[in-house]
Every structure is written in structure tokens, then in C-alpha cells.
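Let me begin by presenting the structure, written as C-alpha cells, before commenting on it.
FYI, side chains are in, hydrogens and waters are out, and symmetry mates aren't considered; it's all heavy atoms of this structure. Here is the naming used below: chain letters follow the sequence lines, and residue numbers restart at 1 for every chain.
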Amino acid sequence: MTRYNAKETEAKWQRIWSDQSVFEVTEDPSRPKYYVLEMFPYPSGRIHMGHVRNYTMGDVVARYKRAQGFNVLHPMGWDSFGLPAENAAFENKVHPAKWTRENVAVMRDQLKSMGLSLDWSRELSTCEPDYYAHEQKMFIDFYKKGLAYRGESWVNWDPVEDTVLANEQVIDGRGWRSGAEVEKKLLHQWFLKITDYADELLEGIESLERWPDKVRLMQTNWINRSEGAKILFDINGRDDKLEVFTTRPDTLFGASFCALSPNHPLSQELAEGNADLADFLVECAKLGTSEAALEKAEKLGFDTGLTVAHPFRPGHELPIYVANFVLMEYGAGAIFGCPGHDQRDLEFARKYGLDVIPVVCPPKEDPATYAIGDEAYTGDGAMINSAFLDGLDVPSAIRAAIDRLIEMGAGEGTVNYRLRDWGVSRQRYWGCPVPMIHCADCGTVPVPEADLPVALPEDVTFDKPGNPLDHHPTWKHVDCPVCGKPAQRETDTFDTFIDSAWYFIRFCSLSPNSAFDRAAAEYWMPVDQYIGGVEHAVLHLLYARFFTRALRDCGYLDVAEPFEGLFTQGMVCHETYQTPDGGWVFPSDVIDGDDGSRVERESRQPIKVGRSEKMSKSRRNVVDPELILDTYGADAGRLFMMSDSPPERDLEWTEAGIEGAWRYLNRVWRLITEAPMAPQGTPAPEALDDAAVAVLRTVHQTIAAVTEGLERFRFNRSVAHVRELTNALADYKDAGPTHDYVRRFALETVVQLIGPMMPHIAEELWQTLGYETLLADAPWPKADPAYLVDETVTIAVQIKGKLRGTIEMPRDADKAAVEEMALALDAVQRVTEGNPPQRVIVVPNKIVNVVV
RNA sequence: GCGGGCGUGGCGGAAUUGGUAGACGCGGCAGACUUAAAAUCUGUUUUCCGUUAGGAAGUGUGGGUUCAAGUCCCGCCGCCCGCACCA
């Protein structure tokens, strides 16, 4: 029995593909193009199973489309700027550039050993000046077009480290390393005007037919266009007005307070003369800037003592609170609270003893007695307690309220978006420098194009708190490009989401002097199939959609939607293992003990097996892909990735699963290498026996099923169908020329069908079958429709929906004949006892349901 | 808290999208080969009752629509993802 040598074979074919530049492509207008892209990795050190899953899926699609005759672009690169490199610098005293480039080198080798059909000549890395130079030019173009501006926003500030903290670095209101209580600080920051594109991005979602509905919905909700009203309240005893945004101006008569964000200028102003309020604002600041943290926190308010005049109720006053749940970034940073018809307002009102006035009466309630209990009523109904609005339904009342506000000059109808402008400044070292210069006389001016790129200096130190760019002795000191006087570079760098907002266009051509060659970009774009995790459903994908449009409007290319097809894959999970004292244990350190229970390899401590969770370093439930590639080879790993779980769902990595995949590889290997077969090119026999026809039927049905599976991203079903075919072929043991011929045809088909998933063994078997050309260049098999439908069908017979038996009938048999056969069944006779059935439902070729 | 998703045998999952629930794989059990083991092969495997024939229950949970519900509708429970400075 020959055993398949994965290691040798995989190296062999990887070398051949590389030597022959099989997957390097150029624009070819005579052929249909197909651009397959997986979200490029952050070079964190080594590839993980999530990468293996992601890149296997993309490779299956790329190889399949290639076999179908498409000119397939399938590139790879590195999202190589970002926080982890700076953390590594801090922890291991290694320079981010060195750390990053070494990681890239390791991961490139690892990816190469997966046998991916990548065009490596297009590799890019966002941390290199030949990439980010173009990004700086784009930013300046955006700036000139009014799409980039300098504004202010609040950040998490660690007063000990003297630095801005990412949300993930804030743990329970404290800096993760310093342990200091986080403060909020208002900083000057650069912004991109994504809000200018809110409507276009919203409308564009309609056209994204090959995106998952859930992602389209999430983006729609993220942008959250809402029509409502802006209301200007007169503040008693002051000259200025308080502006609030509401989607429910109809409920204005039910208002019992106004609330300001702690970051609202008025809150800040009042705190100056009110120590208690100032303390309250400090408390609010400890929550950090994450919306989730704010929303989860207990709702607290502080009565400022100020009041506003109710616009519709002369003489009526509403107190102004500062409330920790009001977001400065949304609407006007201030709200009016109507406790009767908003749950959060209701809880707030109950807590602070404010009025709860119902103004919308639900249809089944009596307006005279209707009162709000524990739940605010948010549905439609007739207005009550609302003077001129009484009796109207909600939509009419909204219009009437806005009309009156306009009449009074106290407000207007307005559209608001939850989407905010994209803050792109980061006070960090390892990112693309913002190409701007601050001059005392000329203000903020862009770096002249001739001086680009503004290279990130690598001679920096990380021994001081704060931003290394700021400490660098010379880097930030430049002459103003306008007046020539000494000026200072912007020391902020870009959000790494900018790097990933256009890399897919750069892949179209690594043009040295421009971001990309326009013709090449317009040939390859849009990406036909983009694949990555759902965690990017909103931010990355929305930024990329915006950035592409902004580039379009700056004349770079004529593309609006970058990703025509999107697939979001699930995560890779694994069981978790813990010692009795709660320490996490790597799966590779867990072995079977003498009594069959699990123990730790070294200490022999018993292991508690926990449920399967997303693989993560902190829980140590990780399996190193390299170990799998070494032990079983890339094909087995790839097959397992595609086998059991549907790609959009989480996959549970198991040792048994990978072994099963490895066994299957060897089964196919033996099936082809160990039995008689007609020589290549043997003509088809003139007559086929029943067994041969049955096999051919299975072959063609499998081609159809596998193809459909690949088209619809149901890889696990494709795998199951190929396995069924190999099972059938293992049982096909007739002797003679007909058998040998049919067998060869069937096995060639198997090799072609497994090609996209297990490319190495498939190439090797293709060669074994006598082919001198590459399977990678062979066309995809086509199913013969003549073999796709069976002549007879099995029809289920039910009595009142319960299965009582089946009948075999010719396909498309006459309804009456089917009914007669069904009623003649013993099981049916027993129940009907000769009485005519009440009703018989016949679904052709499927089912007969007898109702008695 | 808000937004989105998922839930089917011991396990991963399949079910032509309202029409025979459990394809395919893993694991288990029994057997063949072997001095033995591994590997491989054959059979079996939703649960319960029954020697068989056969019957009953069954897709997180409670209702509903339908001749027919894993699939559609309403309520609940559990888990996962995102929430703008992680990528």
C-alpha cells in the first residue's frame, strides 16, 4: 500500500507553480476578469487558523474561477502599521519596523507553504514608504477638495503615560499598563468628511446584491439616517439658546426635562462655576469614549439649576440636566426627554422624580385613564394632552409640530445621521505620517508634492512616554513650504483603517510613481469576491466604500463600489483546557491520561475541558497552523477547513477532524494509484451497462452539485458530494474495458473537482493520470444534463403529514396514477379502511399527502 | 444599553428554500485482515417501546398559520459579533 507523501509533493508543486509564474497575471481585455481578494493580514508574528480558513476559501474561489476561464487576480499583502508593533517595542525593546518586517518574512513563508494561487509579484506592505507615499498624496488631494479638515474630538487620556489610549487599552476606566484613571481630553484631530457621502453610501447599499443581507443592514443602521427636528429652546436667564435634535417632535408636550452631554460646551462652561458639576463631569470622563461603556453604565444626571422655556407651553419650564448617556457626537449633543415614550427617558424621570406625561394614546386605551407604567410606549396612536396636536396620529403630529416650530422660529425639520466624520489622527509612532506642516504665520499647509513621501523616521526611541515623533530631535522641524520660516510637522499619524481603505486598488498595479495605474485599476476593479471576517462588517468596509468614492471625486478612477461580492466567514474555535488552579493550557500540552481522562503533559495535572471558544492567545486554545502543515500537509488542512462547517459559521478545530481529512487524501490517492484503468485517450465504449450508467450519473450529478456549492459558498456540501462520489467509485468493482474506461473518466473528474481545495495532491494525481500540462490550467468539468435527472422518483406517501411509506414512480407520472398507487399502499389502506379520503394532495415527483 | 447573527443525533453539520429530518464526516459498537498493534476494509449507529413486523417521540423553548413547519409568524431562553483609537 503506497502512502501519499504530502511534504515532498507539496514542495514539488509549489516550486513548479512558482518557477512557471503560473499565477502571475496581467490585464487582458479579451478575457473576462475576476478579482478575488481576502482581507490582508496584520503581520502579528505567525499565521493563525483564521488566516488559514480565510485564505483557503479565497484560494478555492480563485482556482475555481481560473478553471472556468477567468483572468483571475489574486494578490496578497500586509496591513503592517498598527498598535501591536508599538506594544512589542515596549515589551521586548525591539523596533516596530524590525519586528514588523521579521513577522512579514515568517508569515510570507507560512502562506507560501499553503500552496495558495497568489500573484506574489504584487505583494505590498503598508508600512513601506512606496505604499504610504501615495496615501499622503491622496490625503492632500482630499484636503484641497475639502474632504479633509482639522477639528476637535475627545480621546481617552492616560495622565501617567502621557498618551492617548485606544478603547481596548482602557480596562474598567483605567489605563491597561499604568492603572491610572482615564481622563477625557479634547484634541485637535484630522477628519475625513465621510458624512458628505452618507446618502450616497446609503443608496449604494441597495446595489450590493452579492453582499450578505446582515452586513447591508448593519451598514444601514450604522449610517442611520433619521428625519426629525432641530428645536431651539430659550434658556431662562441667558441670551443663548439650547439646540436639541429629536426624531419625535410630536412628543414635545410630554417633555419633562432637557439633558446635555457631559462634553457639551454648556456643561463645560457651567462646571467652571460649579464644583459639584465639575466633579460629576470628571466621573463621566472615567467612562472613557467607548459608546458601549457609556450605554451600559448606570444612567446618571446632574441638575444644573438652569431651565428652558417650553416652546408650546407658555410659562412652562423644563430643567436642564447633564446626563452621562447623552452623546456629544450625535445630533446636537443635547436632548429633550419625554419619559412617556422613551424607555431611557422614563427610567431617568423615575430616578429623578420628573413628570411622566403620556401624549400618545395606544389604540386600545382610554385616553381619560391612560397612564405610563414601567414601560414607555413607542408605538403609534392618537395624540393626547398636546393642545393643537390632540387627536392626530404620530406621523401627522410630527409634521404639525415641525410646522409650528418653523412658524415660531424655534426650530425646523432636519435630517440627522448617526454616522460621524472619520477621525483619522493617531498620536502614535507606527503609522503613516500626516503630510501637513503647521506654520505660525501661514497656518496649516500641506507638504508640497515634490517633498513626498514624508518618511517615518526609524531612529526613534520608546523610552519616554508620549509620541516618539514628538521627541525626535530633528524630524518635526522643517521650513514652512509657503513662507520659508521655521515650522513644525504634524506629528500625528493616520488611522490604519486608511491603509486598508485603498490597498485593493494598489494591487491592480504596483505603479512606482503613482498610487496605481488607472487603466489597470479600471480593468480589475471592482473586487469580484472579497472575503473576510464579519468583525469588519461596518468600519473597514464602510471606510473603503467611502475612500473609493473620495478617490473618484479627486479624479483617480471611475469606480464607486470597491467590492461587488462580499463573503463573511466565521471564526475558528477550539475547546479550552484549564488546570485545577484555572491556568489555561495549550491543546498541544493536553494528553490522554491512564484512565482516559485528560491530563497536562508535564505536570500530569487533571485538565478541565471547557466549551469551544474563538481561538485566542489569552485562553491558549490555539493550534499552530505550521504544526498542521508539517504533520499533515497543506491539502489536509485546507480540506478540513472546507469540510464540516458552513463557511459563514464558526468552525471547530478538532484533531479528529484533521485526521479524517488526511485519511480521505490517502483514500483518493489509493483509489487512483492502485487499480486498473484505461490508458489516457481510450475511446468510449459503444454500449454502457447499467452499473456504468449509474456511475456516470453519479459523476455528472456530482459535478453539478460541487459546482453549485462553489458558486454559492457552500464548500462543505461540495466536499460531501465529492466524498459520496469517491465512496461510489470504491464500490464500483466490475471488470472489463467498460469499467476501466468509466472509472478513468470518473477519477479524472474527482481530481478536477478536488483541485481547488487540495491543489497539490490533485496536480500529482493529474500527472499520474498521464497529463503533461498543469491541472491549474485545465478547464472545469461540465455536467452532462442528460445524466442529471433520474427516470424514476421516490414519492413519499403521508397520512395527515405523517410518513407511511414510499412509492417508486416514473418521473412526471400522471397525478391520478400517483394518487392511485399511494392509496393502494397497505399502510394507507389500514388507516382509510376502504373509506374514501377527505382530500389527497399530490405534489409531482415529491409527495402525496392523504387527509382522512 | 443599541445594532446584527446563530441554536438540528454523542459531536461538526445536510435538508432541492414549505414537501421522506439526520446526506457527508467525526466518534462509538461489532466483525475481517494481523502473532500483535497501527493502517485498511465491511457492517451498524437519533431516542424510546417491540424478538420481528411495526409503532411513538423528535430540529433551544412556548404558542400560531398550513393538507404539510427545521424552514413562515408572535413571545421567551441561551450563545456569538460590532459599537467609531484592536485589526
### Task
Identify whether any heavy atom of A:I841 sits under 4.0 Å from a base atom; if not, whether one sits that close to sugar-phosphate; answer base, sugar-phosphate or nothing.
base
### Message
Counting the atoms with a prime plus P, OP1 and OP2 as sugar-phosphate, which does A:P646 contact under 4.0 Å by heavy atoms, base, sugar-phosphate, or nothing?
### Response
sugar-phosphate
#### Entry: Nucleotide paired to B:G3 in any strand shown, Watson-Crick or G-U, under 3.5 Å
B:C81
### Query
With sugar-phosphate meaning primed atoms plus P, OP1 and OP2, does A:L294 contact a base, only sugar-phosphate, or nothing at under 4.0 Å between heavy atoms?
nothing
### Task
Could you tell me how the ring of A:F546 sits relative to the ring of A:Y197: parallel (under 30°), tilted (30 to 60°) or perpendicular (over 60°)?
perpendicular
### Task
Report yes if at least one side-chain N or O of A:R804 is closer than 4.0 Å to OP1 or OP2 of B:A56; otherwise report no.
yes
#### Entry: Parallel, tilted or perpendicular: rings of A:H540 and A:H536 (30°, 60°)
perpendicular
### Message
Of the listed nucleotides (B:A87, B:A57, B:U40), which one gets closest to any side-chain atom of A:T496?
### Response
B:A87
### Task
Mind checking A:K614 for me? I need base, sugar-phosphate or nothing, with any heavy atom below 4.0 Å counting as a touch.
nothing
### Message
On the nucleotide B:G25, are OP1 or OP2 found under 4.0 Å from the side-chain N or O atoms that A:R663 carries?
### Response
no
### Message
At less than 4.0 Å, is any side-chain N or O atom of A:N167 found next to OP1 or OP2 of B:A84? Yes or no.
### Response
yes
### Query
Does a nitrogen or oxygen in the side chain of A:R667 sit under 4.0 Å from OP1 or OP2 of B:C41?
yes
### Task
Remember a base hit wins even if backbone is also touched, and classify A:W222 as base, sugar-phosphate or nothing at under 4.0 Å, heavy atoms.
base
### Query
With a 4.0 Å cut-off on heavy atoms, is A:E655 in touch with a base, just the backbone sugar-phosphate, or nothing at all?
nothing
### Query
Counting side-chain heavy atoms from C-beta on, which of B:G5, B:A21, B:G27 comes nearest to A:Q798?
B:A21
### Query
Is the cationic atom of A:R426 (NZ for Lys, CZ for Arg) positioned less than 6.0 Å from the six-membered ring centroid of A:F494 and within 45 degrees of its normal?
no
### Message
Please verify the inter-ring angle class for A:F348 with A:F325; under 30° counts as parallel, over 60° as perpendicular, anything in between as tilted.
### Response
perpendicular
### Query
Is any side-chain nitrogen or oxygen of A:N716 closer than 4.0 Å to OP1 or OP2 of B:A14?
yes
### Task
Report which part of the nucleic acid A:G657 touches: base, sugar-phosphate, or nothing (heavy-atom distance under 4.0 Å, all strands).
nothing
### Message
Please determine whether any donor N or O and acceptor N or O are separated by less than 3.5 Å between the side chain of A:Q427 and the base of B:C85.
### Response
yes
### Query
Quick one: is A:R649 getting a side-chain N or O under 4.0 Å of the B:C6 phosphate, OP1 or OP2?
no
### Message
Below the 4.0 Å mark, does B:A57 have OP1 or OP2 next to a side-chain nitrogen or oxygen of A:K802?
### Response
yes
### Query
Is it the case that more than 12 heavy atoms not belonging to A:K351 sit under 6.0 Å from its NZ atom?
yes
### Message
Counting the atoms with a prime plus P, OP1 and OP2 as sugar-phosphate, which does A:R426 contact under 4.0 Å by heavy atoms, base, sugar-phosphate, or nothing?
### Response
base
### Query
Looking across every strand, which nucleic acid part, if any, lies under 4.0 Å from A:Q838 by heavy atom: base, sugar-phosphate, or nothing?
nothing
#### Entry: Sugar-phosphate only, base, or nothing, as touched by A:E724 at under 4.0 Å among non-hydrogen atoms
sugar-phosphate
### Message
Between the base of B:U16 and the side chain of A:R714, is there a donor and acceptor pair under 3.5 angstrom?
### Response
no
### Query
Is a donor-acceptor pair below 3.5 Å formed from side chain A:D644 to base B:G12, judging by atom type as modelled?
yes
## Note on the structure
Exactly one candidate in A:F81, A:Y543, A:Y503 meets ring pair (Phe, Tyr, Trp, His ring centres under 6.0 Å) with A:F497; the answer is A:Y543
### Query
Taking only side-chain nitrogens and oxygens of A:R418, does any of them come within less than 4.0 Å of OP1 or OP2 of B:C2?
no
### Message
Taking any heavy-atom pair under 4.0 Å as a contact, classify A:R428: base, sugar-phosphate, or nothing.
### Response
base
### Query
Which label fits B:G9, syn or anti, where anti is any glycosidic angle not within 90° of 0?
syn
